[in-house]
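To start, the structure itself, in structure tokens.
Everything numeric here is computed off the predicted structure, so don't read it as measured data. Values reported hereafter were calculated over all heavy atoms of this structure, with side chains retained and with hydrogens, waters and symmetry mates removed.
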Protein chains: 2
Amino acid sequence: MPAPSEKPPEKTPEKKPSRIQIRNRKKIIDAALDVFSQHGFRGATLDQIAEAAGMSKPNLIYYFDGKEAIHVALLNALMTEWLDPLRELDAEGDPLEEILGYVRRKMEMSRQFPRESRLFAIEIIQGAPRMLPHLESDLKPLFDEKCALIAGWMNAGKLAPQDPQQLVMSIWALTQHFADFDTQVRVLVPDETAGWKAANAHVETIFRAILTPKG
Amino acid sequence: MPAPSEKPPEKTPEKKPSRIQIRNRKKIIDAALDVFSQHGFRGATLDQIAEAAGMSKPNLIYYFDGKEAIHVALLNALMTEWLDPLRELDAEGDPLEEILGYVRRKMEMSRQFPRESRLFAIEIIQGAPRMLPHLESDLKPLFDEKCALIAGWMNAGKLAPQDPQQLVMSIWALTQHFADFDTQVRVLVPDETAGWKAANAHVETIFRAILTPKG
DNA sequence: TCGTGGCTTTACCAAATGGTAAAAAACACG
DNA sequence: CGTGTTTTTTACCATTTGGTAAAGCCACGA
């Protein structure tokens with residue numbers, strides 16, 4: 001029988017990545033974000049990603065196992081930070097300001113990271129074939145936890161009572177709209193700067209209106 | 001020189017389509033709706049569409065000039081009816097009820113035609129490469145007209161004053177969310193029937209809250 | 001019954017695409 | 001330096017994909 005594990009408990013024999021590896025992996029992920037967020041998984045090609053990353057196609061495969069691996073790595077890296085604004089929802093803070101703060105953070109993310117927003121949108125619209133596990137394991141628990149928190153605030157009379165799940169999804173719908181449907185928004189409201197200002201104000205108005213408890 | 005047009009003024013020599021043509025074109029468009037709404041333009045294949053339509057690939061090409069032509073035909077056919085709910089917004093009706101009626105119609109469309117909603121969403125998210133002209137020529141004028149109508153209502157004190165453009169886009173964002181992000185919604189709110197009921201109620205609450213003029 | 005014209009299938013094809021093999025180049029380091 | 005390792009390139013390959021050519025099928029009127 002084989003020697004009973006004398007080595008230190010190294011599960012996967014992965015060495016720590018070199019500087020070049022780190023740099024090139026980043027370049028690939030960024031290029032993949034460009035391409036996948038514009039064409040979806042099936043519509044994206046390795047050649048496009050390779051060109052956007054400024055390297056050859058076989059070189060991509062050297063760093064990632066294949067197209068699918070790149071996509072998965074991208075989604076994994078993204079899922080964590082994408083949920084951060086929701087995680088920050090603080091049970092100790094002022095309820096109304098906490099939620100308005102969350103709304104502002106999401107609007108800010110939509111403006112600063114539209115590619116990420118679109119990548120998620122496309123993945124979900126297409127049935128989340130590569131992200132369903134993440135939705136179940138990462139998003140769902142956080143969603144339930146924060147919904148319970150909000151429900152508590154409502155029961156305490158700090159917020160107008162309503163369905164917390166619908167409230168949170170409404171926040172997502174409104175804040176992501178401006179990143180995902182940017183093309184349409186630009187046609188209808190050509191002045192981009194004014195558009196964002198108006199959007200921020202309008203969204204804030206909405207949630208202030210439906211959350212302020214009736215005195 | 002060629003005979004100076006004696007025939008009746010027929011621009012394109014298209015005969016009226018036969019029954020078979022009508023039936024098969026419909027089958028193709030419906031199949032294409034399935035495939036394009038799930039994979040986007042680049043990600044969809046003619047083979048997929050052909051199989052979904054129950055006919056051979058060359059047969060598709062017999063009815064449409066190619067992949068792009070199918071997609072364009074699909075978008076054209078859709079654009080018209082998709083804007084109908086907004087067209088019905090009636091200047092003569094009660095302002096609040098008119099807008100709430102519009103919201104209800106859009107929610108109903110999201111539930112009944114999720115494929116259509118997703119097709120549009122994907123097209124827009126990907127930069128509307130084949131729909132920008134329609135947005136400019138069809139959507140924009142209608143949008144401007146209805147925004148002016150709503151602004152008039154606000155000036156007359158019938159609705160709480162706010163940015164009409166942002167209002168309309170908020171309606172779109174909220175109503176489409178439940179069709180486009182259906183996969184996510186299902187994970188977070190497993191009971192579909194209850195989800196739709198709650199969504200309808202919540203969306204109605206939102207717009208009633210921000211539109212009711214302070215009296 | 002025989003055409004005739006609209007419809008469908010079979011057999012292809014060239015380009016694109018995901019991926020591989022192996023040599024060449026660049027690098028790390030004693 | 002020289003040598004072993006990491007990184008990159010070149011040359012391919014099998015499959016998929018959008019599309020074509022041409023023959024076959026089928027209903028229907030003369």
Would you indicate what Arg23(A) reaches in the nucleic acid, counting non-hydrogen atoms under 4.0 angstrom: base, sugar-phosphate, or nothing?
-> nothing
If you look at every strand shown and take non-hydrogen atoms under 4.0 Å, does Ala44(A) touch a base, only sugar-phosphate, or nothing?
-> sugar-phosphate
Classify the ring geometry between Phe36(A) and Phe41(A) as parallel (under 30°), tilted (30 to 60°) or perpendicular (over 60°).
-> parallel
Residues of residues 45-67 of chain A with any non-hydrogen atom less than 4.0 angstrom from an atom of DNA chain D: list those, numerically ordered, please.
-> Ser56(A), Pro58(A), Asn59(A), Tyr62(A), Tyr63(A)
Inter- and intrachain pairs under salt bridge (Lys or Arg N to Asp or Glu O under 4.0 Å), touching residues 55-69 of chain B, at least two apart = Asp47(B)-Lys57(B), Glu68(B)-Arg130(B)
Using 4.0 Å as the upper bound for N to carboxylate O, is an ion pair formed by [Y] and [X]?
X	Y	result
Arg118(A)	Asp34(A)	no
Asp84(B)	Arg87(B)	yes
Lys197(B)	Asp163(A)	no

Side-chain N or O of [X] versus OP1/OP2 of [N]: is the shortest distance under 4.0 Å?
X	N	value
Arg42(B)	dA16(C)	no
Gln21(A)	dT7(D)	yes
Asn24(B)	dT8(C)	yes

His71(A) NE2 to dG18(C) P: how many Å, rounded?
-> 13 Å
Euclidean distance, atom CD of residue Glu68(A) to atom P of dT17(C) [Å, nearest integer] | 18 Å
So ring pair (Phe, Tyr, Trp, His ring centres under 6.0 Å) across residues 98-123 of chain A, not counting sequence neighbours, yields Trp82(A)-Phe120(A)
